[in-house]
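Here's the structure, in structure tokens; my notes come after.
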Amino acid sequence: MSSRISLQETGNLLLQAQKIVLCCHVSPDGDTLGSALGLMHILSRLGKDVTVFVDDEIGRGFGFLPGIEHCRRPEADSKVQADVLAVIDASSFDRVGIVGEVVQAPFVLNIDHHISNTEFADYLYLDTAAAATGEIICDLFEEMQWQHDEATALCLYTAISTDCGSFRYSNTTRKTMQRAALLLDYGVQPSIISDNLDMRTRETVELLSKVLPTLTFAFENKVAYISIAHELYNKDIQTDSFVSYPRYIEGVDIAIMFKAVEEKVTRVSMRSSHTDVAQIALSFGGGGHLRAAGCTIYAPLEEAQKQLLEAIRKVL
Ligand code: AMP
Ligand code: MN
Ligand code: MN
């Protein structure tokens, strides 16, 4: 169990530290990267020695984020001493990769918004009503009276905008928009960020053309899924947007993308209109939100499909 702390206490824990390691989750998205980088900018400005670790490849598309060049991948068998390890936008410790072994800190702080948070950290600031961890970081700026600049604003706008689907998803609230609106005062141009986030490589679109024919329906068309067979899988090709194709089909409640990242390891992304998919993901050791969740099933593609559909049968 974590000790649940207030925003003020969260800010103070960071202020009391000198050497701070910020950690993003694996398969890094705009929320974990933007939130960590926004924090990195302000904490560096406050004179802290800040390292940002991501134990994964970072999509080329995030190259526009100010400070992204400071994100480092931890080296196995290395040791890094810090006063605090702050895990950003991750709901369980396995999502930090090897950072947990590399970083030696007296305590772990977790700032997160996932309903599936496992309370792995010593200290936790969790706000499941926040559309993005970026929204929480904006709250933290306000609470601590930290001033934004163009870099923090750009990073935090990207974080918020990523997780609420550019203010379209059901997690978008008045506060989500207010936070984002405030960031516009520091020079953020929404169209430039959305152009960056929506930009795809030719390889992504070519892969999409091979993945769409796998579209399959189940449970009276309430479930639709697409699959990336291991032969087609390429870690360098972004596929995050693919799940929106089964997601936006009339009558579909649960959309799934299966990705055979290894012969016997299948990554699952789920989106839903009604059903709590975080619960389903949790039953496979994953997690997420009510309407967007994911997990990894340690089985070949077809076996993983069978297992997940069986779990869905039970909740539908
Ligand atoms: P994705 O389908 O990868 O975009 O993930 C959707 C949501 O589920 C995000 O909020 C992720 O943080 C969360 N999620 C995805 N995979 C996992 C996992 N293996 N464990 C915990 N949370 C996950
Ligand atoms: Mn995330
Ligand atoms: Mn998030």
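We count ligands from 1, going down the list as the structure has it; atoms in each ligand are counted the same way.
- Salt-bridge annotation for R179 and E142: present, with a side-chain N of the basic residue lying under 4.0 Å from a carboxylate O of the acidic one.
- With respect to D236 and R60, no salt bridge is recorded, no charged nitrogen being found less than 4.0 Å from a carboxylate O.
- A salt bridge is absent between R95 and D89; no separation between the charged side-chain nitrogens and carboxylate oxygens falls under 4.0 Å.
- No side-chain donor from either of H113 and N171 sits under 3.5 Å from a side-chain acceptor of the other.
- Residue pairs meeting the ring-ring contact (aromatic ring centres under 6.0 Å, His included) criterion with at least one member in residues 238-260, sequence neighbours excluded, are Y225-F258.
- Under 3.5 Å, the side chains of S194 and D198 contain no donor-acceptor pair of N or O atoms.
- Side-chain contact check for S161 and T158: no donor-acceptor pair (N or O, by modelled atom type) lies under 3.5 Å.
- Between R4 and E119 there is a salt bridge, since a side-chain N of the basic residue sits under 4.0 Å from a carboxylate O of the acidic one.
- For the Mn ion (ligand 3), the count of nearby protein N/O/S atoms, taking only those under 2.8 Å, is 4.
- Closer than 4.0 angstrom to ligand 1 sit non-hydrogen atoms from S91, R95, H114, R267, S269, R271, G286, G287, G288, H289, A292, A293, G294, C295.
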N/O donor-acceptor pairs under 3.5 Å from side chains in residues 274-291, not counting sequence neighbours:
residue : atom : partner : partner atom : Å
T275    : OG1  : D253    : OD2          : 2.5
D276    : OD1  : A278    : N            : 3.0
D276    : OD1  : Q279    : N            : 3.1
S283    : OG   : I280    : O            : 2.6
H289    : NE2  : H114    : NE2          : 3.3
R291    : NH1  : H274    : O            : 2.9
R291    : NH1  : T275    : O            : 3.4

